[in-house]
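Worksheet: the structure to be examined is printed underneath.
Quick caveat: nothing in here was measured; it's all calculated off a predicted structure.
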Amino acid sequence: LHRALPALRALRRARDGPRALMVTCVYHAYEDDQIVATGRLTLDDLPSVGEEVKLNGRLHVVRAVEYGGGEHVLRLALK
């Protein structure tokens, strides 16, 4: 337990940092109304509809944010 305390303190400090609340989402990316990619995306926070996110170096607009199967699901459209 004695050795675990410094690690727990470091973890607590990391959680309290500026990027403490990252979220992993499932995404479905569309181009011309055709699905072109699906996967997982880790972001600093959950985006809102209309916000832009970068995926594979390209900007996408968030068209929908849903919650299903215990995960956030984003519908993205190429900008």
Side-chain angles (χ1 to χ4, degrees):
L1 181 64
H2 183 269
R3 290 182 183 168
L5 287 177
L8 289 173
R9 285 187 190 113
L11 180 60
R12 185 177 302 129
R13 281 192 299 272
R15 279 193 333 213
D16 294 339
R19 294 191 170 202
L21 299 176
M22 296 187 80
V23 61
T24 300
C25 305
V26 172
Y27 70 85
H28 304 283
Y30 292 81
E31 188 172 339
D32 298 324
D33 292 325
Q34 298 288 322
I35 192 162
V36 293
T38 62
R40 294 186 185 281
L41 185 61
T42 301
L43 302 166
D44 291 336
D45 54 22
L46 188 64
S48 299
V49 172
E51 287 188 53
E52 296 177 353
V53 295
K54 194 174 261 191
L55 175 65
N56 296 328
R58 299 171 77 185
L59 282 179
H60 289 73
V61 177
V62 177
R63 295 292 182 212
V65 180
E66 300 173 351
Y67 190 82
E71 300 180 292
H72 295 284
V73 180
L74 305 178
R75 180 181 173 113
L76 306 176
L78 186 62
K79 180 171 180 172

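- When each of Arg40, His72, Glu66, Glu71 is tested with Cys25 by the rule side-chain contact (heavy atoms from CB on, under 4.5 Å), just one qualifies, namely His72.
- Leu74 and Leu59 fall into different hydrophobic clusters, where Ile, Leu, Val, Met, Phe, Trp and Tyr side chains are chained together by heavy-atom contacts under 4.5 Å.
- Closest non-hydrogen pair, Pro47 versus Val65, comes out as O-CG2, 3.4 Å.
- With hydrophobic clusters built from ILVMFWY side chains whose heavy atoms lie under 4.5 angstrom apart, Leu43 shares a cluster with Val62.
- In this structure the side chain of Leu41 never reaches within 4.5 angstrom of the side chain of Thr24, judged on heavy atoms.
- Atoms CD1 and CZ, on Ile35 and Arg75 in that order, are 8.0 Å from each other to the nearest 0.5 Å.
- The line from NE2 of His60 to NE2 of His28 is 13.5 Å long, rounded to the nearest 0.5 Å.
- Val36 and Tyr27 are members of different hydrophobic clusters when ILVMFWY side chains are connected at heavy-atom separations under 4.5 Å.
- No path of Ile, Leu, Val, Met, Phe, Trp and Tyr side chains, each step under 4.5 Å between heavy atoms, connects Val23 with Val73, placing them in separate hydrophobic clusters.
- Note: the hydrophobic cluster containing Val49 also contains Leu55 (ILVMFWY, side chain heavy atoms under 4.5 Å, direct or indirect links).
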